[in-house]
Amino acid sequence: MTDRYLARAIHFDESDMNIFHAPARTGEWCISGGFEFSNWSEADLTGKARQAFANGWLGMETFGRVSVVAITKVEEMEVDALTGALAAHFVSHYGAPSVDAARVVAAEEIAQMAALCADQDPNTLLMVSRDLTDAGVKESYRIIPPQDAGLDQFAIHGSLDDEPHNH
């Protein structure tokens, strides 16, 4: 059986805590979550909601948003659990008729994310950007290979001298 890959939320600084209504937890599995915006119009795109629309991946535990995800191997049993959790979310938040009915759509969402991750190396970073077009929501992705994913391009630069040192 071939390895499957998905992506986990990663934080390089505290910015996601400030820009999203509900930030995803570091390490939780994520999908695009663009379905959340399928009925949105320009009027919906203000403040933190605009930020979630424009650049947020959807965490599948907290259903919060994150700006950057990192690709990593996922076990089949985890995929099954994630599919069930996402299906339950579709019932509780989007009015799907049953978890069984929603499982098909949940599996498709996870499969789309797995396809995006499939040809990338582990630890590759992904960022999403969305635009609202006449044809609906358009997503594009920025892929940063592991050797290029230096923390310095994301980190807030400052002095560590103010931090207590534990040696």
Side-chain angles (χ1 to χ4, degrees), residues 1-12 15-17 19-41 44-45 48-133 135-146 149 154:
M1 183 169 175
T2 59
D3 290 339
R4 287 186 71 180
Y5 293 89
L6 283 176
R8 291 185 183 270
I10 188 168
H11 294 100
F12 294 104
S15 61
D16 282 353
M17 305 307 152
I19 63 173
F20 297 124
H21 284 298
R25 182 182 54 75
T26 299
E28 74 178 287
W29 294 108
C30 295
I31 58 174
S32 161
F35 58 81
E36 183 177 349
F37 312 112
S38 61
N39 296 323
W40 283 35
S41 69
D44 297 305
L45 299 178
K48 291 184 178 185
R50 174 181 274 288
Q51 192 64 42
F53 168 81
N55 303 108
W57 297 98
L58 180 68
M60 288 194 284
E61 295 170 40
T62 63
F63 296 99
R65 293 282 172 171
V66 65
S67 298
V68 182
V69 294
I71 295 174
T72 189
K73 185 177 169 186
V74 64
E75 300 298 328
E76 202 59 43
M77 66 181 198
E78 290 177 284
V79 173
D80 291 342
L82 292 169
T83 303
L86 187 56
H89 182 72
F90 286 156
V91 171
S92 64
H93 285 76
Y94 296 98
S98 70
V99 171
D100 286 342
R103 242 187 125 76
V104 174
V105 178
E108 287 172 7
E109 289 289 331
I110 293 169
Q112 287 174 7
M113 188 68 185
L116 179 64
C117 297
D119 295 329
Q120 305 301 326
D121 291 326
N123 298 317
T124 295
L125 303 181
L126 300 174
M127 288 177 274
V128 62
S129 61
R130 291 184 194 86
D131 294 303
L132 200 54
T133 69
V137 176
K138 178 182 178 271
E139 287 188 343
S140 56
Y141 307 97
R142 181 167 172 214
I143 298 168
I144 303 172
F154 295 101

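Here, residue 1 is the first one in the sequence, and each next residue gets the next number.
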Starting at [atom1] of [X], measure out to [atom2] of [Y] and round the result to the nearest 0.5 Å.
X	Y	atom1	atom2	answer
I31	L116	CD1	CG	12.0 Å
I71	I144	CD1	CD1	11.0 Å
W57	Y141	CH2	OH	5.5 Å
M60	L82	CE	CG	4.0 Å
R65	H21	CZ	NE2	11.5 Å

Practice item. Might you work through the salt bridge (Lys or Arg N to Asp or Glu O under 4.0 Å) test for E36 and R130, ending with a clear yes or no? Key: CA-CA 12 Å; E36 183 177 349; R130 291 184 194 86; over 6 Å; no
Residues in side-chain hydrogen bond (donor to acceptor under 3.5 Å, both in side chains) contact with [X], at least two apart in sequence or another chain:
X	value
E28	T62
K73	D3
E61	R25
E108	none

Revision key, fill the gap. When D44, N55, L45 are each screened for side chain to side chain contact (heavy atoms under 4.5 Å, CB included) with R50, the one that passes is L45
Point to revise | Test side chain to side chain contact (heavy atoms under 4.5 Å, CB included) applied to M127 and V66, V68, I143, V69, the passing residue | key: V68
Study note, to complete from the structure: residues 84-104 vs side chain to side chain donor-acceptor pair (under 3.5 Å), sequence neighbours excluded, gives H89-H93
Exercise for review: Using the side chain to side chain donor-acceptor pair (under 3.5 Å) rule, collect all pairs that involve residues 112-122, keeping only residues at least two apart or in two chains.
Suggested key: none
Tell me, please, which residues at least two apart from [X] pass side chain to side chain contact (heavy atoms under 4.5 Å, CB included).
X	value
S38	none
T26	H11
A106	T83, L86, A87, F90
A111	none

Review point. Is a side-chain N or O of D16 found less than 3.5 angstrom from the main chain of P23, in a donor-acceptor match?
Key: no
Practice item. Answer yes or no: does atom CE of M77 have more than 12 heavy-atom neighbours from other residues, nucleotides or ligands under 6.0 Å? Key: no
Review point. Between M113 and W29, does a side-chain contact (heavy atoms from CB on, under 4.5 Å) hold up when you go through it step by step?
Key: CA-CA 10 Å; M113 188 68 185; W29 294 108; over 6 Å; no
Can you name the nearest heavy-atom pair linking [X] to [Y], along with the distance?
X	Y	value
L126	C117	CD1-SG, 4.2 Å
C30	G59	SG-CA, 3.8 Å
L6	A114	CD2-N, 3.7 Å
A88	V99	CA-CG2, 4.1 Å
A70	L125	CB-CD2, 3.8 Å
P122	Y5	CG-CE2, 3.9 Å

Revision key, fill the gap. For residues 97-123, the ring pair (Phe, Tyr, Trp, His ring centres under 6.0 Å) pairs (sequence neighbours left out) are none
Exercise for review: Would you please name every residue forming a ring pair (Phe, Tyr, Trp, His ring centres under 6.0 Å) with F53, sequence neighbours left out?
Suggested key: F37
